[in-house]
Amino acid sequence: MLLSDSSQTTDNRNVTMNKDDNQVRVRFAPSPTGYLHVGGLRTALFNYLFARKHGGKFILRIEDTDQKRSISDALKNLISTMKEVGLRYDEGPDIGGCYGPYIQSERMDIYREHIHKLLDSGNAYYCFCSEERLTKLREEQRKRKRPPMYDGKCKNLSNDEVKDRLDQGMPFVIRLKYPKEGKTVFDDVVRERVAVDNSIIDDQILIKSDGFPTYHLASVVDDHLMKITHVIRGEEWLSSVPKHIFLYKAFGWKPPVFVHLPLLLNSDRSKLSKRQGDVSVESYLQRGYLPEAILNFIALLGWHSADDREIYTLKELEDVFSLDRINKAGAVFDIEKLNWMGGQYIRSLDIEYIADQSRRFFEEAGIDTSNQDKYMKAINTARDYVYRLSDIVEHAKMFYGELIFTEEDIRLIEEENSQKIYAYWIDELSRKTEWESEELSSLTKQSIAELGIKGKQFYFPLRLALFGNCHGPDIPTLIGILGRDDSIRRLKACLTR
RNA sequence: GUCCCCAUCGUCUAGUGGCCUAGGACACCGGCUUUUCACGCCGGCAGCCGGGGUUCGACUCCCCGUGGGGACGCCA
């Protein structure tokens, strides 16, 4: 089936599927180039949510058709990151499925078979032009202020000429034979109708000289074969859609519904990149950002619910998510808001979970957390101050080991009043082995009265001795966490005589 | 350069012709709470890119500018 002329229009905006239709099937198709990009995670999340919302399938497919860029451990990392953030897929390279393999480099015969169909139907052609020629061609076109594209030199080679060169073993690529007349009009769920003049669409390479397919061929073939109903991906793909639609038509297939997500942006509004800060999900995880917070934050980049609610669990998002509330404009990745959200989650999530997740950071810092009671109390207090797990350690470590004082701290510690307070408290704490929090409160009041020292003159030196900082939790909390013996020990360490 | 997309507080956004004196969130500022810090609560600052239409009436619809972004690879 050839589309040689006139306009092609595809209306594929039916977002909700009929019961009779196949169920929703969407995919996240990253290339294994090292780490999972936050933009990629957002794409994965939106696909995941859409699938869950509609009781469909979410598929992970690896696009590793560029041998040069594929990195060996990348797949493993990717899978573990997906697991860690809790985006479970129904089909994928490590779990299989009915439409595998899910790694493109393992699907080479499929692409070979399909490119021949295209060749046979006259929708693709062999091209023997060298890369040098193409580079030169592009340079000239740019110089002449023309859009750089293939000039069609090999487009009309006769069968014999092609056979000849093939027999000679000449290196070749296979190109899409895209009609140059008319225009292509298509519908996108978020962009609505988009029209592109066919004359500016290039004869895209479909098979590279190493025999691997390019993204365009592989993704179209796989999306069809894997029965993908909705292609949800970043806006950077929007301008390739005509080529993809042409491929679907050339194969005689029905194109999926297209959903092009607004880009994630740096603070200067350029496409989010490694250059300007951290973009790898792994690194956020390593720095102790909770997956729940990352997902929630990222869900709000380019999507918003009808009400003003912003805090959603993954499960809740699965229920409220819808494509028609996706924004058109790009969204700046604002770390300040991520931080705020991180704080929200670190304070509201189950304390057992937070403690559990924090443990590895304590281990990394060499802190012994075997005293479970103390550990839980420390976490409970420290979580009020931070927005990521790694920072919990920074606060909680004040309850462990030796305190380190600055010269200024020492000046305060050595003041006469400070010393009186320490002596008083050592004395009082030594009398009993346990206290209720209220008793410590009244002891505080009592000592203020008896010593005649109040306000900051009282609290700062006391907190400094117990906690290593003039600012922080209140005295009963501090002593409650440290326990009697450690409290006394710390006070004694500040006693000079 | 060419084509495509986009445009509400600094940032994420609500808004689908009158409900807008433009709402919420982050950040910022102030107050309250607290011995302090943090948390929390309350309040404040701050925006419809510009110009033309259409309309009784435009943030909302249309056009033109302007600005921003993306694509233009034998990368995805």
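The sequence lines fix the lettering, A, B, ..., with proteins before strands; numbering per chain opens at 1.
What separates CD1 of A:Ile298 from P of B:U13 is a distance of 13 Å, to the nearest Å. The separation between A:Asn327 atom CG and B:A14 atom P is 4 Å, rounded to whole Å. Rounded to whole angstrom, the span from the CG atom of A:Leu295 across to the P atom of B:C12 amounts to 20 Å. Distance, A:His471 NE2 to B:A38 P: 9 Å, rounded to whole Å. Rounded to an integer number of Å, the gap from A:His304 NE2 to B:G15 P is 9 Å. One can place NZ of A:Lys328 at 20 Å from P of B:G69, the figure rounded to the nearest angstrom.
Evaluation of atom-type donor-acceptor distances gives no pair under 3.5 Å for the side chain of A:Ser239 against the base of B:C4. The base of B:C39 has none of its N or O atoms less than 3.5 Å from a complementary donor or acceptor on the side chain of A:Tyr385. For A:Arg146 and B:U2, a side-chain-to-base donor-acceptor distance below 3.5 Å is absent, hydrogens and geometry of angles not being considered.
When distances run from any side-chain atom of A:Tyr459 to the nucleotides B:U35, B:G24, B:C5, the shortest one goes to B:U35. Considering only side-chain atoms of A:Arg347, the nucleotide from B:G40, B:A76, B:C12 that sits closest is B:G40. Across B:G40, B:A25, B:G73, the shortest atom-to-atom separation from the side chain of A:Asp202 is found for B:G73. With distances taken from any side-chain atom of A:Ser209 to the nucleotides B:A76, B:C74, B:G1, the minimum falls on B:C74.
Between A:Asp64 and A:Arg69, none of the side-chain N atoms (NZ, or NE/NH1/NH2) sits under 4.0 Å from a carboxylate O, so this pair counts as no salt bridge. Here A:Asp334 does not pair with A:Lys337 in a salt bridge; the nearest charged N to carboxylate O distance is not below 4.0 Å.
Look at A:Lys208 and you won't find any side-chain N or O under 4.0 angstrom from OP1 or OP2 of B:G73. Of the side-chain N and O atoms in A:Arg325, one or more sit less than 4.0 angstrom from OP1 or OP2 of B:G15. Contact between the side-chain N/O atoms of A:Lys445 and the OP1/OP2 oxygens of B:U35 is not found at any separation under 4.0 Å. At the phosphate of B:C6, neither OP1 nor OP2 sits under 4.0 Å from any side-chain N or O atom of A:Arg269. For A:Gln344, a side-chain nitrogen or oxygen approaches OP1 or OP2 of B:G40 to under 4.0 Å. The phosphate of B:C74 has OP1 or OP2 within less than 4.0 Å of a side-chain N or O from A:Arg138. A sub-4.0 Å separation between OP1 or OP2 of B:U11 and a side-chain N or O of A:Ser267 is absent.
Across all strands shown, B:C20 has no partner, as no Watson-Crick or G-U wobble contact with both distances under 3.5 Å is found. When both pairing distances are held under 3.5 Å, B:C37 makes no Watson-Crick or G-U pair with any nucleotide shown. When both distances must be under 3.5 Å, the Watson-Crick or G-U wobble mate of B:C26 is B:G10. Pairing of B:C72, defined by two Watson-Crick or G-U wobble distances under 3.5 Å, is identified with B:G1. With both pairing distances under 3.5 Å, B:G65 is matched to B:C49 as a Watson-Crick or G-U wobble pair.
A cation-pi contact, defined as under 6.0 Å to the ring centre and within 45° of the axis, is absent between A:Arg347 and A:Tyr345.
Nucleotides B:C28 and B:G18 are separated by 35 Å at their C1' atoms, to the nearest Å.
Within 4.0 Å (heavy atoms only), A:Gly302 reaches sugar-phosphate atoms of the nucleic acid but no base atom. No engagement by A:Leu338 is indicated, since no non-hydrogen atom pair under 4.0 Å with the nucleic acid exists.
In this structure, A:Phe467 has its ring center closer than 6.0 angstrom to the ring center of A:Phe399.
The one candidate from A:Phe28, A:Trp303, A:Phe321 that meets the ring pair (Phe, Tyr, Trp, His ring centres under 6.0 Å) condition with A:Phe46 is A:Phe321.
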